[in-house]
**Student:** 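Provided herewith is a single structure, encoded as structure tokens, for subsequent inquiry.
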Amino acid sequence: MYIEFVIADNFLLTYLAGSAATRMCHNRVKLWRLLVAAIVGTTVAVFYPFIDGILVSLAVKLMLWVVLSFIMFFKTPRALVAAVMFLGCTFAFGGACYAVMLCLCGGKNVEAFVMRYPICLVLLCGLIAYMAVRYCIKRMRVPMSRAPYEYGTEVSVFDTTLKFAAFLDTGNCVFDARSGLPVVITDIDRFTEKLDGTAAVKFAKTLPKLRTMTARTPAGETVIYLVEPTAITVYSDRHGHKINAMVGLVGGQGKRFSDLHEMLLNPTAMTEGV
């Protein structure tokens, strides 16, 4: 029973730890590398009971880690980081399996555990840990990819300050032809709902006098009302930066922007101001 347990346990956990480490480094998973590493690791693990001495056992395991890392990550991006990740995932998955054994078997040896519970129960724990790691990586990638492009934005206009959740849109190439300033864009309904009573009255009086421009988009031509703000401040983390830009209001079809991205920043304005 020990041999079967070692083969199944080491093969699956080596494969899962290598796959998780590869994904953490945003590298492409190569199946043949993982399979070869799992076979080598499992073959060596079969002979662990015949190794005498803690130091010798530790040396063998360190050498095995180096060999497996070489097989899986040689000539891949961030190979050293992936090797360290692989070691961490091995501890995490192995610790998860040991936690199951400790809870169900009271800390007794492997043979006693295997006699009472099927091997798949322990392997299932490693698989759950792997799926949890994959889920966390997947959830973290979106915020990480969005983080450099999301800003809190304050627009001072009509003697009040309006706050927007803004997104740095690299496709926003709109400029005011008269002033030459880049334009940050929001929809007119979202803009007006942020105005207080006094500011709303001032905006209503100013609206007929606002200049307009036409911007071409894949959906067709869009009329944009141009508002000259007193100031625009964008915030990355807690740091505020002034930018020089016009505010463009798109109207005609209700709210066009979500609560997550209420305004589209112009990259030219950000380059000059941040």
**Student:** Does this structure show an ion pair linking Glu262 with Lys163, if we count only N-O contacts that are shorter than 4.0 Å?
**Tutor:**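 Salt bridge absent between Glu262 and Lys163.
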**Student:** Are Leu64 and Phe70 grouped together when hydrophobic residues (ILVMFWY) are joined by side-chain heavy atoms under 4.5 angstrom apart?
**Tutor:**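 No.
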**Student:** Would you give the length of the straight line joining atom OH of Tyr225 to atom OG1 of Thr206, rounded to the nearest 0.5 angstrom?
**Tutor:**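 Result: 13.5 Å between the selected atoms.
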**Student:** Between Val174 and Pro182, is any pair of side-chain heavy atoms under 4.5 Å apart?
**Tutor:**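 SC-SC contact between Val174 and Pro182 ruled out.
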**Student:** Between Phe167 and Tyr151, is the ring centre distance below 6.0 Å?
**Tutor:**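 Not under 6.0 Å, so no.
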**Student:** Using every non-hydrogen atom in the two residues, find where Asp169 and Pro267 come nearest and quote the distance to one decimal.
**Tutor:**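 The answer is O-CD, 3.2 Å.
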**Student:** State, with a plain yes or no, whether a side-chain heavy atom of Thr268 is found less than 4.5 Å away from one of Phe175.
**Tutor:**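 With C-beta onward as the side chain, the pair touches.
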**Student:** Any side-chain heavy atom of Phe74 within less than 4.5 Å of one from Arg33?
**Tutor:**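 A side-chain contact exists here, since the closest heavy-atom pair is under 4.5 Å.
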**Student:** Ignoring hydrogens and geometry, is there a side-chain-to-backbone donor-acceptor pair from Thr76 to Phe73 under 3.5 Å?
**Tutor:**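 Checking the backbone N and O of Phe73 against the side chain of Thr76, a donor-acceptor pair under 3.5 Å is found.
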**Student:** Let me confirm one number: the CG-OG1 distance from Leu162 to Thr160, rounded to the nearest 0.5 Å.
**Tutor:**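 Answer for the CG-OG1 pair, Leu162 versus Thr160, is 5.5 Å.
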**Student:** Kindly indicate whether the side chain of Ile232, heavy atoms from C-beta on, has any atom under 4.5 Å from the side chain of Val247.
**Tutor:**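 Result yes, sub-4.5 Å side-chain heavy-atom pair found.
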**Student:** Without swapping roles, check the side chain of Thr192 against the backbone of Asp189 for a donor-acceptor pair under 3.5 Å.
**Tutor:**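 Indeed, once roles are kept as given, a pair shorter than 3.5 Å links the two residues.
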**Student:** From Leu13 CG over to Cys89 SG, what is the distance, rounded to the nearest 0.5 angstrom?
**Tutor:**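 The distance works out to 11.0 Å.
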**Student:** Do Leu249 and Asp187 touch side chain to side chain, with heavy atoms closer than 4.5 Å?
**Tutor:**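 No, too far: nothing below the 4.5 Å cut-off.
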**Student:** Is there a side chain to side chain contact (heavy atoms under 4.5 Å, CB included) between Thr198 and Asp159 once you walk through the steps?
**Tutor:** CA-CA 9 Å; Thr198 303; Asp159 299 324; over 6 Å; no
**Student:** I'd like to check Leu62 versus Val66 (side-chain heavy atoms, cut-off strictly below 4.5 Å). Are they in contact?
**Tutor:**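 Not touching, per the 4.5 Å side-chain cut-off.
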**Student:** I'd like to check the side-chain contact (heavy atoms from CB on, under 4.5 Å) partners of Leu226; sequence neighbours left out, ordered by chain and number.
**Tutor:**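 Partners of Leu226 by the side-chain contact (heavy atoms from CB on, under 4.5 Å) criterion, ordered by chain and then number, come out as Asp176, Val183, Arg211, Met213, Ile224, Met246.
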**Student:** Same cluster for Leu181 and Leu210 if Ile/Leu/Val/Met/Phe/Trp/Tyr side chains link at under 4.5 Å?
**Tutor:**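 Hydrophobic grouping puts Leu181 with Leu210.
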**Student:** Supply the atom-to-atom distance Leu264 CG to Phe164 CZ, rounded to the nearest 0.5 angstrom.
**Tutor:**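 So the CG of Leu264 and the CZ of Phe164 are separated by 11.5 Å.
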**Student:** Kindly determine whether Leu31 and Tyr15 satisfy side chain to side chain contact (heavy atoms under 4.5 Å, CB included), including the steps that lead there.
**Tutor:** CA-CA 9 Å; Leu31 181 62; Tyr15 179 89; 3.3 Å; yes
**Student:** Below 4.5 Å, heavy atoms only, C-beta onward: do Phe203 and Ile188 meet side chain to side chain?
**Tutor:**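 Yes - at least one pair of side-chain heavy atoms lies under 4.5 Å apart.
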**Student:** Could you check if a side-chain atom of Val36 sits within less than 4.5 angstrom of a side-chain atom of Met72, using non-hydrogen atoms only?
**Tutor:**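 No - every pair of side-chain heavy atoms lies 4.5 Å or more apart.
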**Student:** Could you see if Leu68 belongs to whatever hydrophobic cluster contains Trp65? Use Ile, Leu, Val, Met, Phe, Trp, Tyr and a side-chain cutoff under 4.5 Å.
**Tutor:**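 The answer is yes; both residues are in one hydrophobic cluster.
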**Student:** Give a yes or no on whether Lys30 atom NZ has more than 12 heavy-atom contacts from other residues, nucleotides or ligands under 6.0 Å away.
**Tutor:**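 No, NZ of Lys30 has 12 or fewer neighbouring heavy atoms, counting only those of other groups under 6.0 Å.
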**Student:** If you measure from CG on Leu265 to OG1 on Thr186, what distance do you get to the nearest 0.5 Å?
**Tutor:**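 Answer rounded to 0.5 Å: 10.5 Å.
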